[in-house]
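Here the structure is a predicted model, which is why all the values come from computation and not from measurement.
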Amino acid sequence: MTGPVVVVGDTLLDRDVEGVVNRLCPDSPVPVLDETAHVDRPGGAGLAAVFAAAQGAEVALVTALADDAGGARLATLLTAAGVQVYALPLPGATPEKIRLRARGRVLLRHDRGGSAGEPGEPAEAVLRLIAGASAVLVSDYGRGVAGQPALRAALAATAAPVVWDPHPRGPAAVPGVQLATPNESEARDLAKVAPGASRLVTASRGAQGLRERWRAGAVAVTLGGDGALLCHAGDTPLVVPAPASAEGDTCGAGDRFAAAASIALARGALVSEAVQHAVAEASAYVAGGGVAAALPPPVRTPPAVRPATGGERIGAAAAGALAAEVRAAGGTVVATGGCFDLLHAGHVATLQAARQLGDCLIVCLNSDASVAGLKGPDRPVVPQGDRSRMLAALSCVDAVTIFDEATPEAALSWLRPDVWVKGGDYATGVGDEPVLPEEELLRRWGGHTVVVPYLAGRSTTDLIAAARAGGRVPVTATPAGRVGGNRRSGAERPSTEGSR
């Protein structure tokens with residue numbers, strides 16, 4: 001493969017709530033589910049991207065994320081699974097599908113998030129990504145991403161093989177896709193096949209109809225546990241049976257099929273070979289326990305921070321709402337990040353300089369677990385609840401959101417700030433090579449990375465050392481006009497804390 005496998009489509013937040021039922025509700029004859037555990041995972045196109053990444057491919061996901069806690073959670077889950085997230089703005093709320101389960105069986109599915117909003121425009125980096133892909137999977141869940149005009153133009157123009165996994169509420173595939181992968185009901189509804197014929201005849205007519213209407217190279221109709229029917233040359237379809245009959249949770253089997261076919265095409269397989277591989281992968285997926293067994297270990301949910309004065313400025317919901325409000329007014333969203341352990345004058349100088357660059361400043365704060373992983377088990381000195389409160393109390397800080405990973409990649413992928421600020425004395429680099437690790441990330445949505453001056457001689461590490469020694473922290477004066485103090489090498493520079 002010469003480029004990444006690119007997945008384009010709508011991402012949902014899926015949650016499985018496990019519990020036990022031992023009684024009926026006293027005011028209504030319905031069972032009461034006592035929750036014992038829950039697991040969050042990306043759904044829709046996000047699930048297909050996670051499946052592709054689990055197969056060892058470099059995977060980029062072009063999707064739309066809302067400015068809410070659900071969008072933040074999705075960015076965290078996707079990044080942890082090794083998926084590069086190229087997020088488009090999404091008005092409204094994150095779509096969620098919540099399955100209430102007992103003893104492995106679904107009792108009820110609760111959907112929330114409202115009607116689909118119209119996704120925003122993709123940045124140039126997204127269009128270049130599609131043009132340079134080794135394969136593209138369009139995982140349409142009928143919420144608008146597959147219909148975005150600029151994306152459709154890029155999909156029609158790419159030389160990469162395109163696999164289109166359709167949805168009844170979604171748009172038609174762009175002309176010339178190499179493979180479309182509807183299931184039986186989708187093929188029947190999309191091709192408007194009259195009822196009454198046998199299962200294979202109905203599937204064959206649906207595949208032929210869609211192939212002609214969409215000018216697709218091939219259409220594979222998935223048949224559940226019976227494999228797939230492929231229409232790709234002439235009038236005689238190819239039936240690909242499943243290698244073994246398996247019963248189990250089929251949630252995500254279609255996504256697994258489409259992802260496997262896309263990777264096979266990216267690696268040079270023929271369409272018939274890709275479909276055979278996809279049938280085998282989907283069958284093994286169901287037999288192996290479905291989505292619960294196939295996904296990586298779940299990413300834990302960071303504990304909520306509840307400031308004593310209210311949570312209007314702290315947390316993913318507060319940060320997302322602020323960013324959405326500023327963007328809607330045509331303003332500039334600025335973000336910076338770090339540990340901010342023992343808040344000092346160097347931190348404040350960086351934050352004040354950052355706030356002057358736009359219409360709001362959002363601080364991405366390393367959680368306690370993140371700080372400990374970066375700086376050792378004796379850090380942080382100040383817990384995240386107190387650190388977030390102190391930052392939010394500064395007049396130059398408009399919101400604080402906490403991330404649990406070593407880097408702010410997931411938080412930035414979701415927030416999509418216009419400007420990301422680092423504090424410190426960084427080399428400027430040459431040519432187009434990114435200097436800061438976040439610079440390439442910001443390009444995904446057309447953002448920019450800048451460095452602001454910091455006060456030399458202010459260091460959390462030095463403060464801690466001096467406090468333990470019972471001494472005073474020495475402060476090194478900075479010559480007028482100079483940014484920072486002594487130049488530090490990249491290895492010495494903290495990865496997420498701009499001004500230590």
Query raised in the report: Roughly how far, to the nearest 0.5 Å, is CD1 of Ile98 from CG of Asp111?
Result: 8.5 Å

**Report entry** Arg15 with Glu96: basic N within carboxylate O range, under 4.0 Å
**Finding:** no

Report task. Scan residues 39-69 for pairs that pass ring-ring contact (aromatic ring centres under 6.0 Å, His included), counting only residues two or more places apart or in two chains. Result -> Phe51-Tyr285

Report task. Tell me, with the steps shown, if Val275 and Leu179 meet side chain to side chain contact (heavy atoms under 4.5 Å, CB included). Result -> CA-CA 9 Å; Val275 171; Leu179 177 65; 4.2 Å; yes

**Report entry** Full working for side chain to side chain contact (heavy atoms under 4.5 Å, CB included) between Val5 and Ser134
**Finding:** CA-CA 6 Å; Val5 174; Ser134 61; 3.9 Å; yes

Report task. Verify side-chain hydrogen bond (donor to acceptor under 3.5 Å, both in side chains) between Thr332 and Asp418, making sure each step is shown before the conclusion. Result -> CA-CA 6 Å; Thr332 298; Asp418 301 295; 4.8 Å; no

Requested in this report: Could you please spell out the steps behind the side chain to side chain contact (heavy atoms under 4.5 Å, CB included) verdict for Thr350 and Phe340?
Outcome: CA-CA 11 Å; Thr350 296; Phe340 297 99; over 6 Å; no

Query raised in the report: Any salt bridge between Asp140 and Arg169, counting N to O under 4.0 Å?
Result: no

Query raised in the report: Are any of the side-chain nitrogens in Arg188 or Glu184 under 4.0 Å away from the carboxylate oxygens of its partner?
Result: no

Query raised in the report: Looking at side-chain heavy atoms only, is the closest gap between Asp226 and Pro241 below 4.5 Å?
Result: no

Query - Minimum heavy-atom distance Asp16-Arg41, with the two atoms named - result: OD2-NH1, 2.9 Å

Query - Charged N-O contact under 4.0 Å between Arg73 and Asp40 - result: yes

Query raised in the report: What distance do Leu361 atom CG and Gln356 atom CD have between them, rounded to the nearest 0.5 Å?
Result: 11.0 Å

Report summary line: Closest heavy-atom pair, Ala253 versus Val286, reported as atoms and distance to 0.1 Å, is CB-CG2, 4.0 Å

Requested in this report: List the steps, then state whether side chain to side chain contact (heavy atoms under 4.5 Å, CB included) holds for Val8 with Val136.
Outcome: CA-CA 7 Å; Val8 178; Val136 180; 4.1 Å; yes

Side chains of residues 212-221: which donor-acceptor pairs under 3.5 Å do they make with residues two or more places apart or in other chains?
residue : atom : partner : partner atom : Å
Arg213  : NH1  : Leu190  : O            : 2.5

Report task. Search all heavy atoms of Ala48 against all heavy atoms of Leu137 and return the closest pair with its distance. Result -> CB-CD2, 3.9 Å

Report task. Verify salt bridge (charged side-chain N to carboxylate O under 4.0 Å, His left out) between Glu438 and Lys422, making sure each step is shown before the conclusion. Result -> CA-CA 9 Å; Glu438 299 87 358; Lys422 296 284 282 189; 3.6 Å; yes

